[in-house]
Amino acid sequence: MRLFDTYSKSLVELDPNQAVRMYVCGPTVYARAHVGNARPFVFGMWLRSWLRTQGWDATLVHNITDVNDKIYDAAPGGSAELAEQATAWYVEDTRDLGLGMPDVMPRVTDVIPQIVAFIGSLVEAGHAYPVNGDVYFRVASFPEYGRLSGNRPDQMEDLEPNPLKEDPRDFALWKANKPGEDTAWDSPWGRGRPGWHIECSAMAEECFGPAFEIHGGGLDLVFPHHENELAQSRALGHPFARIWAHNGMLRFTGEKMSKSVGNIATLRETIDEWGRETLLVFFLTGHWRKPIDFSNETMAQAAAQAESFRNVFRGASEADGDWEAFAAALDDDFNTPEALALMHGWRDHELLRRALGVFGLESLAERAEAPAEVVALAEQRVAARVARDFEVADRLRGEIEAAGWEMRDATGGYTLVPKR
RNA sequence: GGCGCCUUGGCCGAGUGGUUAGGCAGCGGCCUGCAAAGCCGUUUACAGCGGUUCGAAUCCGCUAGGCGCCUCCA
């Protein structure tokens, strides 16, 4: 199994003798998550699922950022309540994806002591310095800074100078409490709260220790977020993540949805409108590292693909399918478009169900039971057809369709399928 | 301005030097009382220009277009 690693810009093989522990950056909870937020979640859950299928000992940690400027801005005076509410939304919406949940979902507010201790170590080692109740990371003390994102320190000059910082590139580890910020904790540097980046170093190491296999998250987090995490941990000599896996962005095209960029499709709305299966198939159609366009057209195509899988299970199973090829596609940088293409050729129910199961789509194998009244209409129609009374037969099919079902005639019987 | 990514047939999307990927949609056919599903067939694509090579969608260069990040966006 190999994955593309942002740090080395190359495919890196997972160590087969080691447990795979992965940390995927989760959302800042200040509003209902949008579809794009689901991508790293889905990627993490699928990867864990596939690794386990392949016999690995895989663990996924997915954090919740519940202290942040955005939360303060969104709910002046009530940030803790909003964070609580939005966390519940996120858990609910991602759970409805039907992929199970990460092994651990730590929150920033649960690890404040660890964060304070982490910052203390950095200050002690000379990699950070306190100023007026803030604490900043001393970028100059970490020569490797910029390596992950490819940004060269000398090219990041035109930052607005901050009189408190030694160097404009330095970033906050701890921020002194300010008016309007209604949550704060005590620390050796005064009351305040953690900066954005330190939390992930603290949470990842709290869960996994100083070294783990994979760190994931959106491509937009490479800089500054992950660059800073890496600097904080490696400055202390911790290996931190071995592989950095960044998923591509979800783009909104086609429709005029992007009027105000914040107000687009939420995960909740998308699941309600298209169903979880269609959304998952949609994610399957694009490679995890590439951008993917979310539109009515691409979603409709995903829905059609989901339906074609359901049809396979409505027919007879035939022994075919090449699991090895499927596995090879996923083992090679988790190439789901390729795996998906392979699955489309399969008629083997058992094999297909197993493959779909990797992605939480085994439900596509389930046949829906038509309600008794629809079955009654179908039986009447069978009788009408036997009597060759096609006018009645056609009328009955219309009634069956009106009830939301489609009747497919077959030699010696029929199949009732939910109308799509 | 800096760093990086992308550009494949109507749409989505594999493919990393030489055997028509696949899906969706369309069209034609088989099947069907009519349908649906399924099966068969289907005008053979690789942004443009130039280079390397016996041979390039695949390697190199340039051009055009699109995108992400550049201190708190997954």
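Note that the structure is a prediction, hence the values are computed from the model and not measured. Each chain gets a letter, A, B and so on, in the order its sequence line appears, and its residues count up from 1.
- Rounded to whole Å, the C1' atom of U52(B) lies 12 Å from the corresponding atom of G17(B).
- Nearest to the side-chain atoms of P27(A) among the listed nucleotides U71(B), A74(B), C39(B) stands A74(B).
- Residue C25(A) places its side chain closer to A74(B) than to any other of A74(B), A37(B), U71(B).
- At whole-Å resolution of the value, CZ in R289(A) and P in U16(B) are 13 Å apart.
- Looking at R381(A) and D409(A), a side-chain N of the basic residue comes within less than 4.0 Å of a carboxylate O on the acidic one, giving a salt bridge.
- Heavy-atom nearest nucleotides on RNA chain B were determined for K9(A) and for W196(A), and the one closer to the 5' end corresponds to K9(A).
- Side-chain contact check for P418(A) versus E406(A): every heavy-atom pair is 4.5 Å or farther apart.
- Under the Watson-Crick or G-U wobble criterion, with both distances below 3.5 Å, A36(B) has no partner in any strand shown.
- Panel note: side chain D5(A), backbone L11(A); no donor-acceptor pair is recorded below 3.5 Å.
- Counting only heavy atoms from C-beta outward, the side chains of L14(A) and R2(A) never approach each other to under 4.5 Å.
- Atom SG of residue C25(A) and atom CE of residue M203(A) lie 8.0 Å apart, to the nearest 0.5 angstrom.
- Here G315(A) lies out of heavy-atom contact (under 4.0 Å) with every strand.
- With P as the reference atom, G26(B) and A37(B) are 10 Å apart, rounded to whole Å.
- Comparing the P positions of A21(B) and U8(B) gives an interatomic distance of 16 Å, to the nearest angstrom.
- Under the Watson-Crick and G-U wobble criteria, each requiring two contacts below 3.5 Å, nucleotide C27(B) is paired to G41(B).
- One interatomic measurement links the two molecules: NE2 of H246(A) to C1' of C69(B), which rounds to 11 Å at whole-angstrom precision.
- Nucleotides U42(B) and U7(B) are separated by 27 Å at their C1' atoms, to the nearest Å.
- Rounded to a whole Å, the CZ atom of F137(A) is 18 Å from the P atom of U71(B).
- For the pair N335(A) and G15(B), the criterion of a side-chain N or O lying under 4.0 Å from OP1 or OP2 is met.
- When the C1' atom is used for both G10(B) and C69(B), the distance is 33 Å, rounded to whole Å.
- One P atom belongs to G48(B), the other to C11(B), and the distance between them is 15 Å to the nearest Å.
- With no hydrogens or angles considered, no side-chain donor-acceptor pair links Y7(A) and H226(A) at under 3.5 Å.
- Here the P atom of nucleotide G38(B) and the CD atom of E318(A) are 13 Å apart, to the nearest Å.
- Between K290(A) and A14(B) there is a side-chain polar atom (N or O) within less than 4.0 angstrom of OP1 or OP2.
- Distances were taken from every side-chain heavy atom of R408(A) (C-beta onward) to each of G4(B), C69(B), A35(B); the shortest belongs to A35(B).
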Could you run down nucleotides 20-34 of chain B 5' to 3' and tag each one B, S or - for protein heavy-atom contact under 4.0 Å? -BSBS--------BB
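- Here the separation of G28(B) from U20(B), taken at their P atoms, is 28 Å to the nearest Å.
- Backbone-only engagement by H287(A) is indicated by non-hydrogen atom pairs under 4.0 Å involving sugar-phosphate atoms exclusively.
- Counting to the nearest Å, the C1' atom of G68(B) and the CG atom of L219(A) are 6 Å from each other.
- Within 4.0 Å of G195(A), counting heavy atoms only, lies no atom of the nucleic acid at all.
- Using a cutoff of 4.0 Å between basic side-chain nitrogens and carboxylate oxygens, K165(A) and D134(A) are not scored as salt-bridged.
- Taking the ring centroids of H127(A) and F142(A), they lie at or beyond the 6.0 Å cut-off.
- Under 3.5 Å, the side chains of D293(A) and T298(A) contain no donor-acceptor pair of N or O atoms.
- Spacing between atom CZ of R310(A) and atom C1' of A37(B) amounts to 14 Å, rounded to whole angstrom units.
- Using a 4.0 Å heavy-atom distance criterion, D220(A) is classed as a base contact.
- Distance CG (N68(A)) to P (C73(B)): 6 Å, rounded to an integer number of Å.
- In this structure, U19(B) makes no Watson-Crick or G-U wobble pair, since no nucleotide meets both defining distances under 3.5 angstrom.
- Heavy atoms of M343(A) sit nowhere under 4.0 angstrom from any nucleic acid atom.
- Partner assigned to C69(B) is G2(B), using Watson-Crick or G-U wobble distances below 3.5 angstrom.
- Between W288(A) and F43(A), a ring centre-to-centre spacing shorter than 6.0 Å is recorded.
- Between the CD atom of E199(A) and the P atom of A74(B) there is a distance of 11 Å, rounded to whole Å.
- Comparing the same atom, P, in C62(B) and in G1(B) gives a spacing of 16 Å after rounding to whole Å.
- Regarding contacts with the backbone of C73(B), a side-chain N or O of K70(A) is found under 4.0 angstrom from either OP1 or OP2.
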